[in-house]
2 protein chains.
Amino acid sequence: MARKPAEQTVHREEIVRAAAEVFHHKGYRGATMSDIAATVNLTAGSLYHHFPSKEELLIAVLDAGMTQIIAATQAIVQSDAPPADKLRAIARAHISGIITHHHIAVAVIFESRALLEKPGVRAPYVRQRDTLERLYRQVVEEGIAAGAFRALDVGIFVKAFFGALNWVSVWYREDGRLSEREIADEIANTFLAALTKV
Amino acid sequence: MARKPAEQTVHREEIVRAAAEVFHHKGYRGATMSDIAATVNLTAGSLYHHFPSKEELLIAVLDAGMTQIIAATQAIVQSDAPPADKLRAIARAHISGIITHHHIAVAVIFESRALLEKPGVRAPYVRQRDTLERLYRQVVEEGIAAGAFRALDVGIFVKAFFGALNWVSVWYREDGRLSEREIADEIANTFLAALTKV
DNA sequence: ACAATAATCAAATGGTGATTTGATTATAAA
DNA sequence: TTTATAATCAAATCACCATTTGATTATTGT
């Protein structure tokens with residue numbers, strides 16, 4: 001029982017996924033290195049060959065989540081669709097991300113708090129969060145400038161939108177009444193209605 | 001050093017507040033009984049005279065938070081104001097609660113997850129959460145029935161509203177650009193605009 | 001095939017932290 | 001004032017867990 005044959009060796013990304021899953025179910029503090037290791041058929045000690053600490057594991061999870069959603073959002077914002085379409089696409093991408101990478105999403109939304117006092121962790125996270133928020137603002141401001149949306153407090157609007165979307169991670173159920181797409185569209189409709197000029 | 005003079009004895013409610021504060025800053029798992037005890041000038045062991053376990057402390061915090069907001073919301077819903085006014089009042093009450101009892105609010109929103117797998121804890125919590133959600137729905141349905149609001153998916157609308165309001169606990173800063181009241185009204189305006197008939 | 005490197009494991013190590021226990025002193029009830 | 005009860009403390013207990021250490025085996029480059 002030492003090094004496993006090639007097809008069984010565990011790769012960094014599997015470990016990140018496993019960590020996200022365990023963080024989701026037990027929380028960062030409640031998760032043990034053993035739990036995470038067991039998920040990928042390793043022992044706790046072996047994880048240290050891949051990551052220097054439990055903290056770095058959470059950092060990797062947070063980064064994976066933020067990187068993913070920023071990329072998806074960036075693609076939408078840079079397209080030349082009308083602002084209303086962009087907003088709807090953003091809602092779909094956000095919710096799709098939350099559902100497809102549910103463990104990671106929950107870790108980002110709920111477990112990031114466990115590390116956010118540490119400046120070394122906080123700074124890059126906050127930078128990514130701000131990048132994302134800027135992208136959202138950009139779409140709303142674009143719409144207002146184009147006269148498609150009514151002028152309102154963009155900061156509050158975007159934060160409310162964010163909250164509504166993130167909150168989906170709390171109540172979404174596979175077997176729920178509505179599909180992922182329907183949920184995204186209903187939420188997008190709500191916020192688009194709020195942006196409509198009178 | 002044993003029993004303290006009467007004016008210095010610590011009461012249950014102070015402990016609950018202290019627990020909420022520590023849970024807020026360190027998370028349920030990260031908080032130690034010592035941390036909580038120190039906040040009210042006790043030793044860890046002494047807490048057990050007041051609460052049987054750390055778990056019961058979190059339960060007490062959750063209950064305090066839910067009871068408070070349900071009471072506030074109930075008063076509003078039972079009033080005879082028009083639905084739009086009720087919705088605005090609900091937003092104000094929700095945000096006021098989040099800001100005034102910030103530690104408790106954050107514990108309810110973010111730390112409840114730590115206990116929600118335990119059926120004995122989950123059941124009463126879910127009951128309260130459903131009660132609150134029903135009150136929100138009631139106002140929207142009332143408005144639709146009265147023809148004041150457009151018909152939309154009430155379930156999603158209410159969850160989005162909830163998410164937007166709860167999210168305030170993440171970004172609110174004492175020294176922010178807007179007052180508590182302005183934030184509540186801006187968010188209420190957004191959701192009311194979404195309810196307006198075309 | 002050999003040497004170097006990578007991936008693993010089992011078994012420490014060192015702490016920490018929830019809860020228990022057995023005094024000890026203040027308050028309240030009789 | 002006695003006696004019972006309440007509130008506290010200091011010092012165990014007992015687990016659990018992140019991380020380290022020293023083998024051990026697979027893979028890879030030469």
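The figures here come from the full heavy-atom set of this structure, side chains too, leaving out hydrogens, waters and symmetry mates. Chain letters run A, B, ... following the sequence lines, proteins first and then strands; every chain starts at 1.
The stretch residues 111-124 of chain B has no heavy atom under 4.0 angstrom from DNA chain C at all.
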Restricting to nitrogen or oxygen on both sides, can you table the protein-nucleotides 13-17 of chain C pairs closer than 3.5 Å?
none

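If you take CG of A/Leu47 and P of D/dC17, they are 14 Å apart, rounded to a whole angstrom. Rounded to a whole Å, the CD1 atom of A/Ile36 is 12 Å from the P atom of D/dC17. Per the geometry, CZ belonging to B/Arg12 stands 16 Å off C1' belonging to D/dA7, to the nearest Å. Distance CD1 (B/Ile15) to C1' (D/dA7): 10 Å, rounded to an integer number of Å. Between the OH atom of A/Tyr48 and the P atom of C/dA10 there is a distance of 16 Å, given to the nearest Å. Note: CD (A/Glu55) to P (D/dT19) measures 8 Å, nearest angstrom. One can place NE2 of A/His11 at 11 Å from C1' of C/dA6, the figure rounded to the nearest angstrom. The nearest whole Å value for the distance from the CG atom in A/Leu58 to the P atom in D/dA18 is 13 Å.
Nearest heavy atoms, A/Leu57 versus A/Phe23: C-CE1, 4.2 Å. Of all heavy-atom pairs between A/Ile95 and A/Ala184, the closest is CD1-CA, 3.5 Å.
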Let me check something: any side-chain donor-acceptor pairs from residues 153-160 of chain B under 3.5 Å, sequence neighbours excluded? List them with distances.
{"from": "B/Asp153", "atom 1": "OD1", "to": "A/Arg177", "atom 2": "NH2", "distance (Å)": "3.0"}
{"from": "B/Asp153", "atom 1": "OD1", "to": "B/Gly155", "atom 2": "N", "distance (Å)": "3.1"}
{"from": "B/Asp153", "atom 1": "OD1", "to": "B/Ile156", "atom 2": "N", "distance (Å)": "3.1"}
{"from": "B/Asp153", "atom 1": "OD2", "to": "A/Arg177", "atom 2": "NH1", "distance (Å)": "2.9"}
{"from": "B/Asp153", "atom 1": "OD2", "to": "A/Arg177", "atom 2": "NH2", "distance (Å)": "3.3"}
{"from": "B/Lys159", "atom 1": "NZ", "to": "B/Glu133", "atom 2": "OE2", "distance (Å)": "2.9"}

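Sorted by first and then second residue, the salt bridge (charged side-chain N to carboxylate O under 4.0 Å, His left out) pairs involving residues 47-58 of chain A (not counting sequence neighbours) are A/Glu55-A/Lys118. Within the structure, ring pair (Phe, Tyr, Trp, His ring centres under 6.0 Å) pairs that include any residue of residues 45-88 of chain A do not occur (at least two apart or interchain). For residues 83-110 of chain B, the ring pair (Phe, Tyr, Trp, His ring centres under 6.0 Å) pairs, not counting sequence neighbours, are A/Phe110-B/Phe110, B/His24-B/His102, B/His24-B/His103, B/His25-B/His103, B/His94-B/Phe162.
Nucleic acid contact class of A/Asp35 (heavy atoms, under 4.0 Å, all strands): none.
Using a 4.0 Å cut-off, no side-chain N or O of B/Ser46 falls inside it from OP1 or OP2 of D/dT8. Using a 4.0 Å cut-off, some side-chain N or O of A/His50 falls inside it from OP1 or OP2 of C/dT8.
Mapping A/His49 and A/Gly45 onto DNA chain C by nearest heavy atom places A/His49 closer to the 5' end of the strand.
You'll find that the side chain of A/Ser53 is closest to D/dT19, out of C/dC9, D/dA7, D/dT19. The side chain of A/Ala2 approaches C/dA7 more closely than any other nucleotide in the set C/dA18, D/dA10, C/dA7. When distances run from any side-chain atom of A/Leu42 to the nucleotides D/dA7, C/dT8, D/dT19, the shortest one goes to C/dT8.
For A/Arg122 (side chain) and A/Leu116 (main-chain N/O), a donor-acceptor pair under 3.5 Å exists by modelled atom type. Panel note: side chain A/Thr67, backbone A/Ala64; no donor-acceptor pair is recorded below 3.5 Å.
In this structure, the separation between CD1 on A/Ile90 and CZ on A/Arg92 is 12.5 Å, given to the nearest 0.5 Å.
The shortest distance between side-chain heavy atoms of B/Trp171 and B/Ile183 falls below 4.5 Å.
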